[in-house]
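First the structure, in the form of structure tokens, and then the observations on it.
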Amino acid sequence: MDYQKILNEIEEELKGELSKGKVADYIPALAEVDGDQFAMTITLENGEQFSVGKYKEEFSIQSISKVLAFSLAIDIYSKSLYKRVGVEPSGNAFNSLVQLEYEHGIPRNPFINAGAIVVVDALMSHFGGDYAALEKVMTFTREISGNPELKFDTVVATSEMEHASRNLSLAHLMKSFGNFENDVTDVVTTYFKQCAIVMTTEELSRAMLYLAFKGTDPISGKQFLNEAQAKRVNALMLTCGHYDASGEFAFHVGLPAKSGVGGGIVAVVPNVMSIAVWSPRLNKYGNSHVGTLALELFTTKTGLSIF
Ligand code: GLU
């Protein structure tokens with residue numbers, strides 16, 4: 001298959017869509033990003049990459065980092081993690097407080113904000129503090145992305161902390177139900193730093209190969225998750241990766257994927273490739289408008305989907 005030709009076609013066909021949607025502005029530092037940008041990279045089993053657009057441009061991976069932290073947490077806690085966070089789609093906004101109250105402080109899944117904050121709390125308990133937990137997430141991300149220099153953007157993390165009322169509320173609510181072990185502010189600050197990791201589509205696509213290949217990075221041969229764990233992460237990406245638009249995304253694209261409010265989406269074609277796409281303007285669900293369309297076009301043109 002001529003992947004480069006397909007990516008070039010996608011870029012061309014979506015030019016008229018780049019001005020649609022809205023850059024996330026509830027995190028002021030993200031509102032400054034030029035919205036009309038686009039990049040897409042696919043990485044094959046042998047590491048070969050095909051890209052289009054601004055694939056060397058770094059962007060804030062935001063919620064995509066929840067997949068990384070969750071991968072570490074299931075490896076440590078295994079089934080006991082599911083006492084603190086569920087595995088059902090939320091059908092609600094990513095930062096909803098209402099559902100959390102009804103469900104006694106147990107978040108629906110690890111990819112909504114409350115669930116991801118609990119995962120960070122669990123990592124901090126295990127690794128013995130905020131700095132150690134963040135370092136583990138960074139080390140893991142550096143390893144799988146092939147970029148030992150990978151950083152988080154302190155300006156974005158600080159900007160989010162200055163507008164953190166809702167995420168702090170989610171954490172306090174969970175604490176009131178006894179589903180929280182560490183200091184609320186420390187956990188949420190660490191969560192924001194993790195969300196503020198910056199990557200290019202080249203790096204992100206490379207990083208997710210372990211999920212495309214049953215938990216083992218096919219390039220280094222290193223096993224990060226066992227097959228059963230990788231299956232669970234992929235299943236959660238398919239059912240919960242796009243908040244309350246997860247069903248629609250699965251319907252149109254047909255791949256396990258995770259989005260972030262920085263405009264990135266990462267998707268996995270099991271046993272074939274991983275794909276990263278980035279375009280900062282979001283649709284009404286908080287997922288990249290052009291990114292979603294690009295993945296839909298990709299699976300339509302290539303026939304590569306899990307269905
Ligand atoms: N840091 C963001 C938040 O907590 C992540 C949300 C997202 O990327 O969807 O609001």
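First listed ligand is number 1; within each ligand, the first listed atom is number 1.
When hydrogens are left out, the protein atom nearest atom 1 (N) of ligand 1 is Q62 OE1, 2.6 Å; that is the closest non-hydrogen contact. If you check which protein heavy atom lies closest to atom 3 (C) of ligand 1, you get E160 OE2, 3.0 Å. The nearest heavy-atom contact from the protein to atom 7 (C) of ligand 1 is S63 OG, 2.6 Å. Counting protein heavy atoms only, atom 9 (O) of ligand 1 is closest to Y243 OH, 2.3 Å. Counting protein heavy atoms only, atom 10 (O) of ligand 1 is closest to Y26 OH, 2.5 Å.
A distance of 6.5 Å separates OG in S19 from CZ in R281, rounded to the nearest 0.5 Å.
The cationic group of K258 lies under 6.0 Å from the six-membered ring centre of Y243 and within 45° of the ring axis, placing it in a cation-pi geometry.
Residue N113 touches ligand 1 through its side chain alone, judged by heavy-atom distances below 4.0 Å. With a 4.0 Å cut-off on non-hydrogen atoms, N167 touches ligand 1 through its side chain and not its backbone.
Shown in contact with C195 at under 4.0 Å from a heavy atom are these atoms of ligand 1, numbered in order with element: 1 (N). Near V261, with a cut-off below 4.0 Å to any heavy atom, the atoms of ligand 1 are 6 (C), 7 (C), 8 (O), 9 (O). With ligand atoms numbered from 1 in the order given, ligand 1 contributes 8 (O) to contacts under 4.0 Å with heavy atoms of G260. For ligand 1 and Y191, the ligand atoms under 4.0 Å from any heavy atom of the residue are 1 (N), 2 (C), 3 (C), 4 (O), 5 (C).
The closest side-chain heavy-atom distance from H163 to P28 is below 4.5 Å.
Using cut-offs of 30° and 60° on the angle between ring planes, the pair Y82 and F70 is tilted.
Here the side chain of E45 pairs no donor or acceptor atom with the backbone of N271 at under 3.5 angstrom.
Between Y210 and F140, a ring centre-to-centre spacing shorter than 6.0 Å is recorded.
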